[in-house]
Number of protein chains: 2
Amino acid sequence: MSLRIALLGLLSFSGPASGYDLAKNFEKSINYVWQAGHSQIYPELAKMAADGLITVEAEGPRGRKIYTATREGVDELRGWLIAHTPSDPVRSEYAIQAYLLQLLDPLEALAVLGRMTAGIEAKLKGLEELSAVKRSAAEQTRFGTYALDLGIRHAHTTLAWARDTATAISPEAVEGRNPGETGSTDAG
Amino acid sequence: MSLRIALLGLLSFSGPASGYDLAKNFEKSINYVWQAGHSQIYPELAKMAADGLITVEAEGPRGRKIYTATREGVDELRGWLIAHTPSDPVRSEYAIQAYLLQLLDPLEALAVLGRMTAGIEAKLKGLEELSAVKRSAAEQTRFGTYALDLGIRHAHTTLAWARDTATAISPEAVEGRNPGETGSTDAG
DNA sequence: GGAAACATGTAATGGGTTACATGATTAA
DNA sequence: TTAATCATGTAACCCATTACATGTTTCC
């Protein structure tokens, strides 16, 4: 359902577009918040057309099909936005690892948390750069910025959590982790 | 893969257990972080047994099967914890709605954000109550608490984001939202 | 005897990822 | 002519949800 809504939304923003256009557009906007590749998008567009939510307005070169949202499609989108209460099932591999960390000894657990921290920092850096680019280029819609903002905030939260958890597991070990020291050879 | 790991983890904590036990246990622990029902757990256990990660140690009354992790299972779990970098694909209906809100007029958008806020507040309340219960009952493992903590932090973050976004859309309208006023009939 | 909880499964369906497959157009 | 990019699809497989289906034990 969400994919359908996302595609209807993109069509509403951009006007008539092909599956290829939508896939490209998806990749650099909603993608930060919901993932889908062309192999999922093309069949979904076919189903949406069969359901009367969109129509093939025209066919261009190379078999390019131009879709437009129908009245039903617009209604569907508006109805979902206004009436649908989002579900937010948490499905976090980070949290699973956190839950199971006690099966490792403290030093191993700290190493795992260190890897987590690095991963989240990298992701956060990417999102923030993107945010800066989009803001300056003004290529981004106002609300697209808000979605990106949510992503950045969540990454910050996860990062802070990983650091605090590391501290809770072993305060001394974490405090000893200053730049230039690895803490692996000299314990004192 | 994650389900497998979660089940191996639960088995490691509890010792030998049946699918039923694991499903119950799952529901009140990892469930806040990764969801799976019995209809997913039973087949997965069968596959894990076929793959040599667990074995049926004994059979109890009512066809109850008691599983234990094998050496391979323990290795698999430890290997995943130590080597696997968690993926955290964001798949948030909240964010999709945020992205598409500009298709509504500001008053409609505010109503949607209000519903979001209420939903997240309810969820947060549930998680925090649970956290209090678990802390007092000491029934919770130390790291299970950390996973729950992550859930609570994320909910807080989403809530703050929803409020800030509402303010950004329409500062006046949001400031006017005091208890006792609905703001729907008298526009001020 | 009947309800509740124990205990285990399968089937149908939907959603998502990866890989496979094909062909047209454009620009170097 | 050949590489890049445009453009569209299918197939195999995995994971997840909901509903269906069955039988046992315990307790009232």
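Order of the sequence lines sets the chain letters (A, B, ...), proteins ahead of strands, with each chain counted from 1.
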query = Taking NZ, NE, NH1 and NH2 as the nitrogens, is one of them in A/Asp164 or B/Arg153 under 4.0 Å from a carboxylate oxygen of the other?
reply = yes
task = Name the residue closer to the 5' end of DNA chain C, choosing between B/Asp21 and B/Pro89 according to the nucleotide with the nearest heavy atom.
result = B/Asp21
ask   = Just the endpoints, please: which first and last nucleotides of DNA chain C, 5' to 3', lie under 4.0 Å from a heavy atom of chain A?
value = C/dG15 to C/dT25
inquiry  = Taking transitive links into account, so neighbours of neighbours count too, which hydrophobic residues share a cluster with A/Tyr20 at under 4.5 Å side-chain distance?
reply    = A/Tyr42
task = Verify the neighbour count for atom CD of A/Glu27: are there more than 12 heavy atoms of other residues, nucleotides or ligands below 6.0 Å?
result = no
ask   = B/Glu59 CD to D/dT24 C1': how many Å, rounded?
value = 15 Å
request  = List the atom of B/Ser12, the atom of A/Leu103, and the distance in Å for their closest heavy-atom pair.
outcome  = CB-CD2, 3.9 Å
task = Measure the distance from NZ on A/Lys24 to P on D/dA4 and round it to the nearest whole Å.
result = 15 Å
query = Taking CZ from B/Phe26 and C1' from D/dA16, how many angstroms apart are they, rounded to a whole number?
reply = 12 Å
ask   = For DNA chain D, which residues in residues 34-48 of chain B have a heavy atom at a distance below 4.0 Å?
value = B/Trp34, B/Gln35, B/Ser39, B/Gln40
remark   = Value for CD1 (B/Ile66) from CD (B/Glu59), rounded to nearest 0.5 Å, stands at 9.0 Å
request  = For A/Arg4, answer base if it contacts any base atom (sugar-phosphate contacts may also be present), sugar-phosphate if it contacts only those atoms, and nothing otherwise; contact means non-hydrogen atoms under 4.0 Å.
outcome  = nothing
query = Does a side-chain N-to-carboxylate-O contact under 4.0 Å join A/Glu57 and A/Lys65?
reply = no
Inter-residue atom distance B/Phe26.CZ - B/Leu7.CG, 0.5 Å rounding = 6.0 Å
ask   = Nearest nucleotide by nearest heavy atom, which residue falls closer to the 5' end of DNA chain C, B/Arg91 or B/Gly19?
value = B/Gly19
key: Spacing of A/Leu45 atom CG and A/Gln40 atom CD [to the nearest 0.5 Å]   = 11.0 Å
note = Whole-Å distance, B/Leu7 CG to D/dC15 P, equals 12 Å
